[in-house]
Amino acid sequence: MEARHYPLGGKLPLAFYVRPTTEVARDLLGRRLVCVSGGLTLSGRIVETEAYVGPHDLACHAARGRTPRTEIMFGPPGRAYVYFIYGMHHCVNAVTEPEGHASAVLIRALEPDPGIDGRTDGPGRLCKALGIDRSHNGEHLTGDRLFIIEGDRSAADTEPSASVKTGPRIGVGYAGDWASKPYRYWLADNRWVSRPYSRTMSRYEK
DNA sequence: ACCGTGATAATCT
DNA sequence: GATTATCACGGTG
């Protein structure tokens, strides 16, 4: 396969990730996640994210302390934190904030670019569609194998308050007060968002 | 609603 | 080393 041309900007610099995690989560909307493996380049536009803001955040994996799995989150920012869960799914995060802070942004849904096979609405599904697995854990997001480019921020930039929605994170009901924090971000009315807000709320409130 | 599936981490012997 | 509960999900009904 020929090299693909990316008209929508270069890779996000390291400094992009060295900011408050909620800010990075919001700013990742509209960017493009790209995975290169073999001769194949697969990508999609990020339309949904979640912020996991640090060890004090009871929904964050780092809240259990430094373990082999969470090691990468305690390291330098701008790297991929990829974990395997429920015996069959991978999830990909971008490590944020200065080294040692242990925080990350979970990428929850993509609008697929041409060439993608399968669904990309959901953290497990998007990893499957792009071929992301634990071999990508610790990968530099400024590198050549798994990276994020500037992309198309138009929907998120023109009317930020109207086009970016927030709500509680999915599947973190165990996290006490932290479960209700509005750390989930998505592009309003985007068909690739993993769950409609109404369904999220009904699920959350029961 | 129900459950597959296996890594992970805590808690034992 | 072994046991157990848990899980940032997704498919099915």
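This one's a predicted model, so the numbers in the text were calculated from it and none came from an experiment. All heavy atoms count here, side chains included; hydrogens, waters and symmetry mates do not.
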Among residues at least two apart in sequence or on other chains, which ones pass ring pair (Phe, Tyr, Trp, His ring centres under 6.0 Å) with A:Trp192?
none

Roughly how far, to the nearest 0.5 Å, is the CD1 atom of A:Ile46 from the CG atom of A:Leu28?
5.0 Å

Rounded to the Å, how far apart are A:Met88 CE and B:dC3 P?
14 Å

Output field dot_bracket for DNA chain B (Watson-Crick or G-U, both distances under 3.5 Å, | for other-strand pairs) contains ||||.|||||||.

Using a cut-off of strictly less than 4.0 Å, decide whether A:Arg108 has a side-chain nitrogen or oxygen near OP1 or OP2 of C:dC9.
yes

Side-chain H-bond candidate by donor/acceptor type, A:Ser43 with A:Asp113, under 3.5 Å:
yes

Whole angstrom is fine here: how far is it from NZ in A:Lys128 over to C1' in B:dT5?
14 Å

Do the side-chain N and O atoms of A:Arg31 and A:Thr49 include a donor-acceptor pair separated by under 3.5 angstrom?
no

N/O (side chain, A:His61) to phosphate O (OP1/OP2, C:dA8) under 4.0 Å
yes

What is the distance, to the nearest angstrom, from the CZ atom on A:Arg69 to the P atom on B:dG6?
17 Å

A:Arg19 to A:Tyr17, cation-pi by 6.0 Å centre distance and 45° axis angle
no

Starting at atom OH of A:Tyr174, determine the distance to atom P of B:dA9, rounded to an integer number of angstrom.
13 Å

With the side chain defined as heavy atoms from C-beta on, A:Phe84 is closest, among B:dA9, B:dG4, B:dA7, to B:dA7

Just how far, in rounded Å, is P of C:dG10 from CD1 of A:Ile85?
10 Å

Mutual orientation of the aromatic rings belonging to A:His56 and A:Trp178 [parallel < 30°, tilted 30-60°, perpendicular > 60°]:
perpendicular

Between C:dG11, C:dA8, C:dC7, spot the one nearest the side chain of A:Arg125, thanks.
C:dG11

Nucleotide B:dA9, atom C1' - distance to CD of A:Glu71 in whole Å:
15 Å

Sugar-phosphate, base or nothing in reach of A:Arg134, heavy atoms under 4.0 Å
sugar-phosphate

Donor-acceptor pair (no angle test) under 3.5 Å: A:Tyr86 side chain, B:dA7 base:
no

Nearest whole Å is fine: how far is C:dG10 P from A:Arg119 CZ?
9 Å

What residues join A:Tyr83 in its hydrophobic cluster, counting side-chain heavy atom gaps under 4.5 Å, either direct or through other members?
A:Tyr52, A:Ile72, A:Met73, A:Tyr81, A:Ile85, A:Tyr86, A:Val95, A:Leu106, A:Val172, A:Tyr174

Taken to the nearest whole Å, CZ/A:Arg66 to C1'/B:dT8 is 17 Å

